[in-house]
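Have a look at the structure below, then the notes.
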Amino acid sequence: MMDKVLLITGAARGIGAATALLAAQRGYAVVVNYHRQRAAAEAVVAAIHAGGGRALAVAADVSDEVDVLRLFAESEQAFGPLTALVNNAGILETQMRLDEMSLGRWQRVLATNVIGPLLCCREAVKRMSTRHGGHGGAVVNVSSAAARLGSAGEYVDYAASKGALDTLTIGLAREVAAEGIRVNAVRPGFIYTGMHADGGEPGRVDRVKSMVPMQRGGQAQEVAEAILWLLSDAASFSTGSFIDVAGGR
Ligand code: NAI
């Protein structure tokens with residue numbers, strides 16, 4: 001059997017780091033991509049090594065084509081053919097109305113949240129597709145409940161980027177379904193990670209959790225479980241589908 005090799009973007013902390021740790025426990029060799037957060041990424045790799053797993057930290061900005069090409073090359077060099085990709089890297093910026101937002105902000109958000117997954121999907125398909133001599137594989141995109149809800153008054157631009165990611169998931173799934181590749185997505189709700197501080201409100205999850213039918217925020221680990229299921233052979237007939245991990249919201 002082929003080695004299971006997983007590349008996760010933005011895996012230095014939060015949902016990406018939780019997914020990296022769980023994947024290593026499930027027998028994947030894990031490429032821990034990071035952008036700037038080198039020490040945190042190395043700590044994730046060290047934790048995987050301590051558990052007897054295989055992992056490598058690779059710096060790359062997912063919105064930079066040259067970086068992404070190097071990321072995939074280094075992954076292959078270290079662990080052989082890629083079998084799984086998680087497009088997890090994503091950003092949002094300070095909460096504000098759309099009529100206050102700048103063009104520069106939109107370019108940053110869309111570059112990381114949409115161009116990044118497009119670039120990584122392209123490189124993954126080139127390697128995994130049976131059409132190109134590959135052995136198939138699985139992709140999971142980390143979208144958001146925001147794609148359904150729109151994030152009014154907070155970050156409509158971010159929500160729109162996740163809507164694009166959902167549509168990419170559906171289209172690519174159908175495009176490569178007969179080539180051995182499954183493409184699915186998770187849509188987390190309010191999850192306790194460092195991302196909310198980047199939006200200007202570190203305590204956001206606790207403020208809004210009463211809007212969640214389950215009356216609580218989620219943990220990164222709970223999202224990682226859904227991602228690992230979608231990547232696994234247990235999900236062998238699922239493609240172009242979505243798992244909401246949002247406490248009923
Ligand atoms: P986080 O901010 O802890 O993790 C995101 C990671 O992506 C960071 O480590 C960051 O350095 C990295 N990153 C940012 N730009 C990058 C780039 N250009 N290239 C490579 N890496 C880059 O946040 P969290 O919450 O773990 O987010 C992970 C994913 O989950 C994101 O796509 C986010 O939109 C999504 N999500 C998070 C929710 C939450 O409530 N925390 C809810 C719904 C979706």
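Since the model is a prediction, treat every value here as computed from it, not as a measurement. All residue numbers refer to positions in the sequence shown, counting from 1. In what follows, every heavy atom counts, from backbone to side chain, and hydrogens, waters and symmetry copies are set aside. We count ligands from 1, going down the list as the structure has it; atoms in each ligand are counted the same way.
Proximity of R187 to ligand 1, defined as any heavy-atom pair under 4.0 Å, is not found for any part of the residue. Counting heavy atoms under 4.0 Å from ligand 1, residue A60 touches it through the backbone alone. Within the 4.0 Å heavy-atom criterion, the part of S143 lying near ligand 1 is the backbone and not the side chain. Residue contacts with ligand 1 for F190 involve N, CA, C or O but no side-chain atom from C-beta outward (heavy atoms, distance under 4.0 Å). Contacts between D61 and ligand 1 below 4.0 angstrom, taking non-hydrogen atoms only, involve backbone and side chain alike. At a 4.0 Å heavy-atom cut-off, ligand 1 touches T112 through the side chain alone. Residue I91 touches ligand 1 through its side chain alone, judged by heavy-atom distances below 4.0 Å. Both the backbone and the side chain of H35 come within contact range of ligand 1, each with a heavy atom under 4.0 Å.
Not close to ligand 1: R36, with no non-hydrogen atom less than 4.0 angstrom away. Taking 4.0 Å as the cut-off, Y158 counts as a neighbour of ligand 1 on heavy-atom distance. For the pair G189 and ligand 1, a heavy-atom separation below 4.0 Å is found.
Heavy-atom proximity to H196, at under 4.0 Å, picks out these atoms of ligand 1: 39 (C), 40 (O), 41 (N).
Applying the under-4.5 Å side-chain rule to Ile, Leu, Val, Met, Phe, Trp and Tyr, the cluster around Y34 consists of that residue alone.
Residue, atom and distance of the protein heavy atom nearest to atom 27 (O) of ligand 1 are M195 SD, 4.1 Å.
Among the atoms of V62, some N or O lies under 3.5 angstrom from an N or O of ligand 1. On a distance-only criterion, Y34 and ligand 1 share no N/O pair closer than 3.5 Å. Between D198 and ligand 1, no pair of N/O atoms sits closer than 3.5 Å.
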